[in-house]
Undergrad: 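A single structure is presented below for examination.
Lettering follows sequence order; numbering is per chain, from 1.
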Amino acid sequence: MLLDVRNAVKRFGGLTAVQNVSYTIEPRTLNAIIGPNGAGKTTFFNLITGIYVPDEGSIEFNGRKIKGLRPDQINRAGISRTFQNIRLFGAMSVIENVLVGMHTQLNINLFGAMSRFPTFQAQERRAQAKAEQLLEFVGLRDKANEIARNLPYGDQRRLEIARALAGDPKLLLLDEPTAGMNPQESLDAMSLFRRVRDDLGVTVLLIEHDMKVVMGISERIAVLDYGQKIAEGTPDEVRRNPHVIEAYLGRSTESN
Amino acid sequence: MIQNAQPKANPDQMARRSAIFFAVLLAFAFLLMPWRNATSGPNTGMGLLRIGTEYGAFSLLIFLVPLAALAGFAAGFSQRIAPHSPTFFQIAARVGGAAGLIYVAVAMIYGLQTTGSVGGMLSVQGMGIWVTLFTAAGLIGLTYNPNVTFIIVWIGVSFFFVQGIRREMTLFPLWSSIAFPMLTISPFLVLSIKMPRAAQIALLVLVVCVLLPMVGIEDTFYLELIIQISIFAAMAIGLNIVIGFAGLLDLGYIAFFAVGAYLWGMFTSTAADTVFKTSNALASPDAFWLFLLLGVIAAGITGVLLGLPVLRLRGDYLAIVTLGFGEIIRILVSNLSNISSNPIRRVNLTNGAQGLPGIAHPILPQGLYDLVKSIAAAIGVPLNTQSSVEAVTLQLFFYFLVLTVGGIAVIIAARLDNSPIGRAWTAIREDEVAAVAMGVPRVRMKLLAFAMGASFAGAMGVIFAAKQSFVSPESFSFIQSIFILVIVIVGGMGSIRGVLLGAVVVTLLNLQVLKNFSLLINSLKNLDWVVPIINFPIRNWPSQLEPARYERLVFGVLLIVMMIYRPEGISPAKRRRMEMQEAADQTLEEAAAEGAPRPGMDKIE
Amino acid sequence: MPALQRAGNWINLYILKPIGQILVFVVVSAAIMSALALLLGAVLNTPWHGIDLLKTRKGIDLFNQVVKQLPDMLLDGISIGFVYAVIALGYTMVYGVLRFINFAHSEIFMVGGVIGFEVMTRLGEANALSTMPPLFVILLMILMAMAFCGILAVVIERIAYKPLRGAPKLVPLISAIGVSFLLTDVVRAVQALSRNVFNMPYPLDRVGNPPRIFDLISFDPITQLSKGQQFLNPPFLQTRIPLVGNLTTNMTTVIIIVSAIIMVVGLNYFVNATKLGKGIRAVSQDQTTAALMGINVNQMITLTFLIGGALGGAAGVLFGLKVANITPYIGFFPGLKAFTAAVLGGIGNITGALLGGILLGLLEAFFSALLPFFPALGTGYSDIFAFSVLILVLLFRPTGLLGKKEDEKV
Amino acid sequence: MKAAKYLALVIALALVGSFVTAPVASAQDAKVIKIASHSPLSGGQSLLGTAIRNGVELAIEQYKKPIEDMGFTVEFVPFDDQATPDVGVSNAQNIVNDPAILALVGHLNSGVAIPSSEVYNRADLAMVSPANTNVNVTDRGYPTVNRVCGRDDAQGAAGAQYAVEKLGSKKVYVLHDKTAYGEGVATFFAQAMEAAGVEVLGFEGTTEAANFDAIITPIAALEPDLIYFGGIYNQAAVFFKQARDKGIKANFMGPDGMDGSDLAKIAGEAVVGLVYTSAAGPASVYPAAEKFVEDYKAKFTINPEAYAAEGYASTQIVLAAIEKVLSENGGAMPTRADVAKAIRATTDFDTVIGKISFDANGDPKVATYYILQVKNADPAKWGENELVSSVTAPSPLTAKEMMEGGMEATPEATKSN
């Protein structure tokens with residue numbers, strides 16, 4: 001088991017955003033979390049990545065307790081992510097963005113940076129080469145020196161993924177990675193997600209609204225509603241689950 | 001103006017640009033060069049404006065050439081009036097240059113005549129030879145690279161300009177505050193103009209290690225100015241790490257400077273007996289180099305100590321806390337003169353508001369004094385008294401010391417910026433949440449920024465105390481922190497070159513240009529000058545409005561104007577320039593959407 | 001009847017509630033500070049062995065001293081605290097709308113003090129100072145200063161800040177520093193040319209005091225205002241106002257506190273209950289959305305500066321009444337303190353500014369008054385303690401006491 | 001945009017050109033002697049700095065005649081040190097590089113004077129200080145550094161002696177402004193008081209300039225019979241006024257920083273009865289002072305603030321020394337070293353503030369400290385403050401010489417009036 005969340009609870013004031021959710025992920029799988037708006041999906045991501053600390057419950061990653069660790073420590077442990085509203089370092093170049101993502105992989109040494117010893121320079125060269133590889137992987141190689149902010153929307157999404165992959169994560173969390181894409185771009189993105197898993201061996205967990213994407217690539221799907229996990233299983237299982245249908249079609253059918 | 005020369009500029013444009021500056025600078029040279037000779041005796045000089053003498057008439061003649069070029073340029077520039085004709089400017093520049101050569105030949109002969117020796121080549125009187133060298137280099141440059149011509153002529157002219165003006169001249173304040181800034185910004189011009197790396201380094205070494213010290217030996221005020229510029233520049237580079245790279249607003253930066261200054265001061269002041277109740281200073285002057293290192297470390301640690309509690313804060317909260325911290329350090333040094341329960345017989349650490357007098361400077365080897373003395377004699381500035389030799393040598397020593405330390409600071413800052421650390425800082429500045437999610441340890445990186453920034457100020461503090469030989473809390477007030485902040489912003493936040501340029505501009509403005517303006521008015525007053533046209537005798541200017549009393553006002557106005565017309569700073573970092581550009585573009589779009597006729601007038605965020 | 005009821009609600013909501021809130025702030029912070037001081041007095045009163053820094057002066061009963069000084073310290077702290085609060089309102093208003101520290105506000109405050117001086121002196125020159133009702137004089141001073149400084153702030157905004165909107169944060173900050181340099185020197189130049197003075201003492205003793213008849217002949221307030229005339233009445237501003245028991249305070253303190261309360265309540269009403277106030281709040285939340293909703297953003301920003309400047313001007317007059325002398329450089333420290341107060345309370349928050357001001361005033365009064373009893377420390381350290389408290393508060397509440405935590409949506 | 005820049009350049013050039021043609025030719029051949037003043041002309045301390053500057057200008061105007069008769073032009077150059085050491089030192093470098101400047105009168109702040117005078121001394125440029133009472137200014141023993149004002153140690157002691165003997169103080173509270181000057185003189189006062197067995201209830205420094213409430217509260221609680229304020233009057237006045245308003249009945253006392261009519265203008269009745277020490281002789285002792293005040297008012301339309309007279313006196317000494325050097329060397333341009341020597345040799349020279357002789361350190365050999373009392377709240381009658389006592393104290397160096405010569409060296413109090 002790569003990720004093991006047990007009975008996670010997160011409250012904001014009176015609102016319980018995540019309610020007693022348990023969730024596990026096997027290595028090298030493609031997973032999705034779906035749910036209506038406000039279901040607590042992003043909050044769940046934030047719990048895993050350490051931006052919020054769960055009020056109750058435990059989170060284990062790769063056999064190690066990560067609850068209470070800082071986001072950068074969790075990243076170092078091997079969980080990387082993208083954001084719902086793209087958060088690139090807008091004024092930096094494309095390749096610099098990827099290099100920042102590599103932070104945990106580099107030996108950060110003040111005196112190395114000041115003295116530029118050969119070891120430091122070699123490391124920089126390696127990092128540069130690896131970043132270029134990653135850009136190649138997501139198809140941005142020829143835009144390496146452009147300023148991130150000037151990229152078209154789809155490219156920004158892909159750059160965010162490249163940046164997230166730069167830290168050699170074991171688990172990649174994608175927060176609505178195809179939001180705002182046209183069908184062709186979505187298809188490209190799906191193949192990218194698959195390649196991430198197949199070529200790089202990275203486990204993927206994504207939040208997605210686009211059912212075509214979700215059903216097309218996910219091996220397991222969990223459904224959140226009102227902060228609770230209401231269903232989990234293969235795409236087919238989830239598709240047929242009455243709770244899910246209810247959650248998506250609204251509660252009007254439920255007798256009051 | 002001509003910095004950021006884009007490689008894309010077309011050759012005609014380059015030639016034109018170069019020609020115009022060439023013409024302007026030659027005009028300056030003609031105007032001012034000969035004055036120097038005027039001092040060797042009454043009416044023996046070749047003063048351009050001594051119309052009636054043969055030289056005067058001659059000079060006036062060749063002065064007209066570049067003037068004609070100028071006029072032609074002004075007329076031809078606007079394409080609506082006449083289509084531009086680059087060949088005209090090239091011709092004008094060549095004619096001007098040729099005229100310059102003739103002029104220079106005359107000057108050279110004159111220089112040799114007056115000194116009568118080849119040794120006078122270096123001397124200020126034999127400047128003709130120098131002029132020849134520079135002009136020839138410039139003209140050669142014109143044939144293959146107008147930019148090189150331009151910069152060589154700029155350096156040459158500004159150097160002679162500085163050398164040529166004398167304290168005795170009535171308008172000395174005016175000339176020196178044009179000439180010296182011209183010379184001090186020349187390294188930036190060298191850096192900003194595209195040319196072979198070797199040429200760049202050669203020109204930089206020429207200006208920084210030869211021309212500026214030469215000027216400084218003759219007039220130590222110039223050395224003082226460069227030393228202060230360098231001290232502020234190194235601090236501004238440190239602050240730039242905190243603000244420009246890591247995006248943390250620090251309003252109490254001067255505190256770290258105080259840490260370094262008091263570190264050296266407390267241990268070597270002659271007041272050490274009141275400080276530590278010993279009869280001798282605790283550290284010998286030889287320990288200076290050790291203390292320079294200790295200053296770096298102590299300030300770095302202080303930076304971490306400040307950083308630890310404030311890292312949770314953002315933006316303006318950080319600003320007020322750092323401001324408070326700066327005040328705390330200042331109040332501490334002014335209060336640590338009494339840390340026992342007996343108010344009168346006190347245990348004294350910093351000598352309070354009295355300040356620490358008699359701080360030691362490092363002892364220099366005797367050979368250095370002799371060397372400086374002989375160099376000075378060689379360039380025609382005999383140092384007669386022992387105290388003047390000492391004064392000049394010390395100033396030169398501190399000049400090269402701050403230059404070295406400042407240079408190291410620049411290199412470190414540049415290397416950090418272009419390293420994983422610098423990238424992490426930029427990432428934190430751009431988007432803290434995303435940076436942390438990418439594994440950047442926020443706290444450690446911010447602490448590092450604080451510590452690095454502080455350590456530069458600590459080193460400069462030690463040097464400052466040794467140079468001033470006296471420190472008191474007055475040097476570390478809030479306004480000083482603001483002064484450094486102004487340097488960073490005016491120069492161009494995030495850009496190392498910009499910050500250096502900012503230090504030059506702001507420090508010169510404060511210490512030289514504004515003061516000289518006051519002095520100029522004063523000397524015009526002494527001369528009973530009457531302002532032409534309005535016929536206003538300047539003597540009647542009320543003393544309540546004496547310019548010396550309103551330097552701050554002028555400084556304030558300049559800040560406002562600067563921020564309005566060039567908010568990204570004089571030489572902005574590429575990233576910043578882009579951000580500003582984007583803001584402007586947005587405004588344009590908005591304006592276009594609103595159908596506003598004049599874009600950029602009414603910006604809405 | 002419903003109309004009356006509505007009026008009742010209105011009074012409750014916009015008058016009584018804020019006043020109640022102020023009262024609670026004052027009482028609670030005063031109580032906490034007093035309790036702490038008494039506690040410390042009791043604890044440190046016994047010889048504090050070993051620690052030289054905490055030794056009290058010989059022959060001083062610290063606890064008794066605390067008890068003896070307590071009423072004075074509270075009054076001092078509260079009265080200066082209200083002045084800080086009024087200045088802090090200016091910082092907070094502008095910050096709330098533009099997210100920008102208006103460094104020139106301390107100079108606007110200083111100009112307010114100068115206007116107060118000018119009004120008072122001119123009235124004195126016209127022999128009106130002594131014959132007009134004192135409260136009217138003070139009202140006139142405050143109103144004139146408010147009008148002038150409000151307009152001044154708007155002009156400054158137009159010239160120095162407006163062209164910078166949209167630029168990075170630090171750019172208007174530097175511009176503001178430029179403005180503050182400019183203002184001090186302009187005031188100095190104007191005063192030097194017009195009156196040839198640097199110090200601008202308020203002729204406080206003359207308010208409401210007709211001097212004896214022969215003093216009226218050729219009265220020159222600058223040189224003669226403190227000539228030692230025998231006044232018909234005791235100076236109005238020195239009138240003692242009885243408080244609890246035999247504790248009294250003077251008229252100046254009462255005027256300061258009352259005017260400050262009126263201004264806070266008025267501002268509270270304006271911002272929360274009027275249409276313009278809602279506009280300002282909308283702009284402070286989100287400029288773009290506000291503009292889309294048909295709010296004239298520029299107008300609202302101008303209005304904010306007008307109000308902020310007016311409050312700064314009023315604070316200048318109150319400060320002048322309190323300290324009796326204004327110079328062109330007087331603005332810096334109160335400005336700094338008020339800014340600190342605004343941050344302490346939570347910058348951008350009107351009630352926060354008030355709470356921060358009162359708290360900072362009390363802190364300053366307590367530390368300044370009690371530190372002299374520790375010979376190894378002394379008054380000089382009071383600012384260190386004040387700033388330390390600020391840092392401590394921000395450590396536990398990073399957005400100030402009443403500041404709302406801005407949760408970033410991730 | 002570019003066109004505008006170039007155009008601006010052209011215009012600038014044209015302006016420069018027109019400037020050049022204006023006043024160049026005149027005064028080029030005349031031999032110029034410049035005397036500089038160096039004090040804060042901008043910022044919060046500009047009031048006193050300007051007073052020094054004005055004093056120097058007035059003295060030059062009035063006494064330059066003999067030097068100009070010898071074929072020199074005497075010019076006055078004011079410098080603004082902004083009360084900041086860095087600016088002071090930078091100006092100092094500017095000053096020493098102008099060979100025409102033969103002597104300098106300044107500074108206001110000892111914190112600026114000490115580092116700046118290091119620069120002057122290396123260039124043999126004589127400095128005469130009108131206001132730096134800090135002991136470190138002259139105790140370094142530089143041949144170029146002199147002062148006409150008293151020393152903090154002697155002044156503090158003189159004040160203390162009067163406070164003990166005449167005011168009969170038993171409990172004193174000492175306050176200072178946390179400047180080198182204020183803290184220095186207050187320290188010596190407090191030490192002298194304690195030595196005399198007076199209880200020092202408190203010794204506090206504050207930079208507060210406006211609201212003294214919180215500082216006054218503990219003073220009121222301690223009930224001293226004398227409050228000493230080591231500082232400058234525009235801060236002290238506000239303090240004294242607020243202290244009286246708070247019902248404090250103690251006597252007030254201060255050093256020569258209290259000597260300014262604005263003290264009475266701001267504090268009014270509160271300072272009537274205040275006693276202050278001053279090294280500058282009052283008009284009743286030095287009649288020349290009266291004329292000085294009139295001339296000053298006529299020229300600058302303002303009352304001379306503190307240190308204006310000292311600035312004037314310093315300039316008198318400087319000009320006399322230059323004149324002496326000129327008459328000795330037959331009208332050649334004097335060297336700075338000669339001028340410095342002549343200034344140091346000043347003996348029994350009559351200035352507007354009294355007779356001055358310098359000792360080997362540049363201190364006045366014998367300084368007389370006048371103790372004056374404010375008699376009237378009317379600032380116009382500031383000049384009528386009553387001289388209640390005077391104390392003559394030799395400088396430390398002179399005292400040492402006297403000791404070695406076996407003479408009586410204790411300060412001697414003389415009853416006057």
Undergrad: May I ask you to name which of D/T50, D/V119, D/N109 has the most heavy-atom pairs under 4.5 Å with chain B?
TA: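 Max contact count across the listed options: D/T50.
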
Undergrad: Verify the neighbour count for atom CZ of B/F517: are there more than 12 heavy atoms of other residues, nucleotides or ligands below 6.0 Å?
TA: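 It does not: B/F517 CZ has 12 such atoms or fewer within range.
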
Undergrad: For chain B, which candidate among D/E204, D/R140, D/E118, D/K299 shows the most heavy-atom pairs at distances under 4.5 Å?
TA: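 Result: the option with the highest number of such pairs is D/E118.
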
Undergrad: Using a 4.5 angstrom heavy-atom cutoff, name the option from D/S90, D/P99, D/G111, D/A83 with the most pairs to chain B.
TA: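 Option with the greatest count: D/S90.
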
Undergrad: Enter the distance from D/Q82:CD to B/E474:CD here, rounded to the nearest 0.5 Å.
TA: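 The CD atom of D/Q82 sits 12.5 Å away from the CD atom of B/E474.
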
Undergrad: Could you tell me which portion of D/D124 (side chain, backbone, both or neither) has an atom closer than 4.5 angstrom to a non-hydrogen atom of chain B?
TA: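 Answer is side chain: those atoms of D/D124 sit under 4.5 Å from chain B.
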
Undergrad: Check each atom of B/L394 against the heavy atoms of chain D and say whether the ones under 4.5 Å are side chain, backbone, both or neither.
TA: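 Just the side chain, heavy atoms under 4.5 Å.
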
Undergrad: Can you measure from CD (D/Q93) to CG (B/D219) and round to the nearest 0.5 angstrom?
TA: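 So the gap between those two atoms works out to 9.0 Å.
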
Undergrad: Measure B/Q395 against the heavy atoms of chain D and call it side chain, backbone, both or neither at under 4.5 Å.
TA: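 Side chain only.
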
Undergrad: Between D/N134 and B/Q354, is the side chain to side chain donor-acceptor pair (under 3.5 Å) condition met? List the steps.
TA: CA-CA 8 Å; D/N134 191 293; B/Q354 312 278 316; 2.7 Å; yes

Undergrad: Can you give me the closest heavy-atom contact between D/P115 and B/F470, atom names plus distance?
TA: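 So the minimum-distance heavy-atom pair works out to CD-CD2, 3.4 Å.
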
Undergrad: Could you check whether any side-chain N or O of B/E390 sits under 3.5 Å from a backbone N or O of D/R122, counting only pairs where one atom can act as donor and the other as acceptor?
TA: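 Here the side-chain-to-backbone pair does not exist.
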
Undergrad: So what's closer than 4.5 Å to chain D heavy atoms on B/S477: side chain, backbone, both or neither?
TA: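 For B/S477, there is no contact with chain D at all, as no heavy atom is under 4.5 Å.
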
Undergrad: For B/Y222, is it the side chain, the backbone, both, or neither that has a heavy atom closer than 4.5 Å to a heavy atom of chain D?
TA: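 Contact with chain D: none, neither part.
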
Undergrad: Of the non-hydrogen atoms in B/N335 and D/K178, which two are nearest, and what is the gap between them?
TA: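 Closest pair (atom of B/N335, atom of D/K178, distance): OD1-NZ, 3.3 Å.
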
Undergrad: If you round to the nearest 0.5 Å, how far is OG of D/S46 from CZ of B/R552?
TA: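 Rounded to the nearest 0.5 Å, the CZ-OG separation comes out at 10.5 Å.
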
Undergrad: Looking only at non-hydrogen atoms, find the nearest pair between B/E218 and D/N97 and report the distance.
TA: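 Minimum heavy-atom contact is O-OD1, 3.9 Å.
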
Undergrad: Which bit of B/L519 comes within less than 4.5 Å of chain D, counting heavy atoms only: side chain, backbone, both or neither?
TA: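 Contact with chain D involves the side chain of B/L519 alone.
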
Undergrad: Where does B/F232 contact chain D at under 4.5 Å (heavy atoms): side chain, backbone, both or neither?
TA: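 The side chain, not the backbone.
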
Undergrad: Would you mind checking which part of B/S472 comes under 4.5 Å of any heavy atom in chain D, side chain (CB onward), backbone (N, CA, C, O), both or neither?
TA: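 Contact with chain D: side chain only.
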
Undergrad: Tell me whether D/K341 at atom NZ has more than 12 heavy atoms from other residues, nucleotides or ligands lying less than 6.0 Å away.
TA: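 No, because the 6.0 Å sphere around NZ of D/K341 holds 12 heavy atoms or fewer from other groups.
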
Undergrad: Once you round to the nearest 0.5 Å, how far does CG of D/N136 lie from CG of B/N351?
TA: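 The distance works out to 7.0 Å.
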
Undergrad: Nearest 0.5 Å please: distance from the OH atom of B/Y550 over to the CG atom of D/L41.
TA: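 Separation between the atoms: 10.5 Å.
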
Undergrad: With a 4.5 Å limit on heavy-atom distance, are the side chains of B/S518 and D/F79 in contact?
TA: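 No, their side chains stay 4.5 Å or more apart.
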
Undergrad: Checking heavy atoms, do the side chain of B/Q228, its backbone, both or neither come under 4.5 Å from chain D?
TA: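 It is the side chain, since no backbone atom gets that close.
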
Undergrad: Within the 4.5 Å heavy-atom criterion, are D/N121 and B/S387 side-chain neighbours or not?
TA: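 No - every pair of side-chain heavy atoms lies 4.5 Å or more apart.
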
Undergrad: To the closest 0.5 Å, what do you measure between CG (D/N91) and CG (B/L511)?
TA: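 One gets 7.5 Å once the value is rounded to the nearest 0.5 Å.
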
Undergrad: Just so I know, are the side chains of D/N94 and B/E224 near enough to count as touching, which here means a heavy-atom distance under 4.5 Å?
TA: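 They are not in side-chain contact.
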
Undergrad: Is the backbone N or O of B/S475 less than 3.5 Å from a side-chain atom of D/D86, with the two atoms forming a donor-acceptor pair by type?
TA: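 Side chain of D/D86 to backbone of B/S475, a donor-acceptor pair under 3.5 Å: no, none is there.
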
Undergrad: Which one of D/V87, D/T301, D/T84 has the most heavy-atom pairs closer than 4.5 Å to chain B?
TA: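 That would be D/V87.
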
Undergrad: Contact part of B/T220 toward chain D, heavy-atom cut-off under 4.5 Å: side chain, backbone, both or neither?
TA: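 Both backbone and side chain.
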
Undergrad: Using heavy-atom distances under 4.5 Å, tell me whether B/Q512 contacts chain D through its side chain, its backbone, both, or neither.
TA: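 Neither part.
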
